[in-house]
Engineer: 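One structure, pasted below without further comment.
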Amino acid sequence: MFFQYLLGMLQLLLSPRRGWEDIAVDNWPSGVILRKGFVPLLIIVSLTCLPSLWYHSHATLAGVCERMVACFVKFLASYYVASFCFSLYIPSCTDNVMSLNKNHTFIVYSLGLLALLNVLTNLLPMVPDMLYLLPVYVYFIMWRGITYMEVKFDGVISFMLLDLLALLLPPFLFQYLFNLIIPS
């Protein structure tokens, strides 16, 4: 299941609309995707914090372990924040049609793409400024998922605002809070 989850994300990266169509056809239960796809991905993303021990002279093992936990928690907490926000606001975007399986699948794949971007920033000793623009592409991929989520025509703007506030913003806010708490 983990490799199918990664292949789904790869397809979303290469062809977002076709990727969402294939995810709709597969119709995996969101709980299975969460347990067997998203959580193992978060563990891998957390482990990518380890190389900073080699290329940052000020890095300590305790500090890297704290970063690993923060990396895992920021995405898992973001999943729950997004689930809560989607359960409240998605009916207004979809003519009161709400599928928890679709909501959670959409959230897991979208946050998974952001987690993959975090792998890049964790593995590189110096992050090029261009990588900070990649969440814009993830936002585009979310926009291509409006047919998957069955968003009504006049609900697209509110759906995209929901994506921005519930999916893209929380990982960055949690990272900011962890940066305040964890000494560098």
Side-chain angles (χ1 to χ4, degrees), residues 2 5-6 8-10 12-13 16 30-31 33-90 103-145 157-184:
F2 177 69
Y5 175 66
L6 288 179
M9 283 195 297
L10 179 64
L12 283 174
L13 287 170
S30 60
I33 298 170
L34 179 69
R35 284 189 314 274
K36 295 185 179 180
F38 186 62
V39 172
L41 176 67
L42 294 186
I43 292 170
I44 292 170
V45 171
S46 297
L47 290 174
T48 60
C49 293
L50 283 174
S52 67
L53 282 172
W54 293 287
Y55 51 74
H56 292 302
S57 61
H58 63 278
T60 63
L61 184 60
V64 169
C65 288
E66 289 173 346
R67 294 272 175 211
M68 289 170 61
V69 170
C71 190
F72 183 86
V73 169
K74 80 176 177 184
F75 285 112
L76 196 60
S78 295
Y79 169 78
Y80 288 108
V81 167
S83 295
F84 175 72
C85 292
F86 267 60
S87 67
L88 290 179
Y89 297 111
I90 202 70
N103 289 351
H104 293 165
T105 301
F106 184 82
I107 292 166
V108 164
Y109 275 99
S110 299
L111 287 175
L113 292 170
L114 289 173
L116 286 178
L117 295 179
N118 203 345
V119 168
L120 290 174
T121 58
N122 286 346
L123 290 177
L124 296 173
M126 293 180 62
V127 181
D129 291 336
M130 185 61 88
L131 279 182
Y132 293 115
L133 294 176
L134 287 178
V136 174
Y137 184 61
V138 174
Y139 195 59
F140 170 75
I141 292 171
M142 289 180 207
W143 174 70
R144 297 304 277 177
I157 292 174
S158 57
F159 177 72
M160 294 310 295
L161 189 62
L162 176 64
D163 287 346
L164 180 68
L165 297 176
L167 283 170
L168 282 180
L169 200 57
F172 294 106
L173 288 177
F174 284 124
Q175 183 66 47
Y176 177 75
L177 291 174
F178 286 133
N179 286 341
L180 291 176
I181 296 170
I182 299 172
S184 53

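Along the sequence shown, residues carry numbers from 1. All values below were derived from every heavy atom in this structure, side-chain atoms included, with hydrogens, water molecules and symmetry-related copies excluded. Please read all numbers here as calculations on a predicted model, not as lab measurements.
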Engineer: State, with a plain yes or no, whether a side-chain heavy atom of L133 is found less than 4.5 Å away from one of M130.
Structural biologist: yes
Engineer: Can you name the nearest heavy-atom pair linking P170 to V81, along with the distance?
Structural biologist: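 So the minimum-distance heavy-atom pair works out to CG-CG1, 4.0 Å.
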Engineer: Does some side-chain heavy atom of L117 sit less than 4.5 Å from a side-chain heavy atom of L131?
Structural biologist: no
Engineer: Do the non-hydrogen side-chain atoms of F159 and M142 ever get within less than 4.5 Å of each other?
Structural biologist: no
Engineer: Testing the basics here: between S52 and V64, what is the closest heavy-atom pair and its distance to 0.1 Å?
Structural biologist: OG-CG2, 3.5 Å
Engineer: With a 4.5 Å limit on heavy-atom distance, are the side chains of I43 and F72 in contact?
Structural biologist: yes
Engineer: Side-chain contact test, heavy atoms from C-beta onward, threshold under 4.5 Å: evaluate it for L161 versus Y89 and give yes or no.
Structural biologist: no
Engineer: Any chance you could lay out the side-chain contact (heavy atoms from CB on, under 4.5 Å) test for F174 and S78, step after step, and finish with the verdict?
Structural biologist: CA-CA 8 Å; F174 284 124; S78 295; 3.5 Å; yes
Engineer: Could you check whether any side-chain heavy atom of V108 comes within less than 4.5 Å of a side-chain heavy atom of S30, counting everything from C-beta outward?
Structural biologist: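 No - every pair of side-chain heavy atoms lies 4.5 Å or more apart.
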Engineer: Test side-chain contact (heavy atoms from CB on, under 4.5 Å) on C85 and L162 and set out the steps.
Structural biologist: CA-CA 8 Å; C85 292; L162 176 64; 4.1 Å; yes
Engineer: Closer than 3.5 angstrom, by distance alone: can the side chain of Y139 be matched with the main-chain N or O of D163 as a donor-acceptor pair?
Structural biologist: no
Engineer: Quick one: do L6 and L41 satisfy side-chain contact (heavy atoms from CB on, under 4.5 Å)? Show the steps, please.
Structural biologist: CA-CA 9 Å; L6 288 179; L41 176 67; 4.1 Å; yes
Engineer: Out of curiosity, S158 OG to L165 CG, how far, rounded to the nearest 0.5 Å?
Structural biologist: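 If we round to the nearest 0.5 Å, S158:OG and L165:CG are 11.0 Å apart.
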Engineer: How many angstroms lie between atom CG of L42 and atom NZ of K74, to the nearest 0.5 angstrom?
Structural biologist: 10.0 Å
Engineer: Do H104 and L34 come within less than 4.5 Å of each other through their side chains, counting heavy atoms only?
Structural biologist: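 In short, these two side chains do not touch, never coming nearer than 4.5 Å.
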Engineer: Looking at OG1 of T48 and CZ of R67, how far apart are the two atoms once the value is rounded to the nearest 0.5 Å?
Structural biologist: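 That separation rounds to 13.0 Å.
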Engineer: Please test Y109 against Y5 for ring pair (Phe, Tyr, Trp, His ring centres under 6.0 Å), starting from the C-alpha separation and ending with a verdict.
Structural biologist: CA-CA 8 Å; Y109 275 99; Y5 175 66; 5.0 Å; yes
Engineer: Taking atom CG of N103 and atom OG of S87, what is their separation to the nearest 0.5 Å?
Structural biologist: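 If we round to the nearest 0.5 Å, N103:CG and S87:OG are 8.0 Å apart.
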Engineer: Determine the minimum heavy-atom distance between V73 and F178, stating which atoms define it.
Structural biologist: CG1-CZ, 3.7 Å
Engineer: Search all heavy atoms of Y55 against all heavy atoms of P125 and return the closest pair with its distance.
Structural biologist: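 Nearest heavy atoms, Y55 then P125: CE1-CA, 3.3 Å.
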Engineer: Could you measure the distance from the CZ atom of F106 to the CG atom of L111? Nearest 0.5 Å is fine.
Structural biologist: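 It is 10.0 Å, given to the nearest 0.5 Å.
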Engineer: To the nearest 0.5 angstrom, please state how far the CG atom of L113 sits from the CG atom of N118.
Structural biologist: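 Atom-to-atom, L113:CG and N118:CG are 12.5 Å apart.
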Engineer: How about OH on Y176, more than 12 heavy atoms from neighbouring residues, nucleotides or ligands closer than 6.0 Å, or not?
Structural biologist: no
Engineer: Does L13 reach the side chain of Y137, with side-chain heavy atoms less than 4.5 Å apart?
Structural biologist: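 Answer yes - side chains close enough.
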Engineer: Using atom types as modelled and distance alone, determine if a side-chain donor or acceptor of N122 lies under 3.5 Å from a backbone N or O of V45.
Structural biologist: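 Present.
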Engineer: Looking at F2, I want to see if its CZ is surrounded by more than 12 non-hydrogen atoms of other residues, nucleotides or ligands under 6.0 Å.
Structural biologist: yes
Engineer: State, to 0.1 Å, how close I141 and P16 come at their nearest heavy-atom pair, and which atoms those are.
Structural biologist: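 Residues I141 and P16, closest heavy atoms: CG1-CG, 3.8 Å.
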Engineer: Heavy-atom count check: over 12 atoms from other residues, nucleotides or ligands less than 6.0 Å from I157 CD1?
Structural biologist: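 Not more than 12 within 6.0 Å, no.
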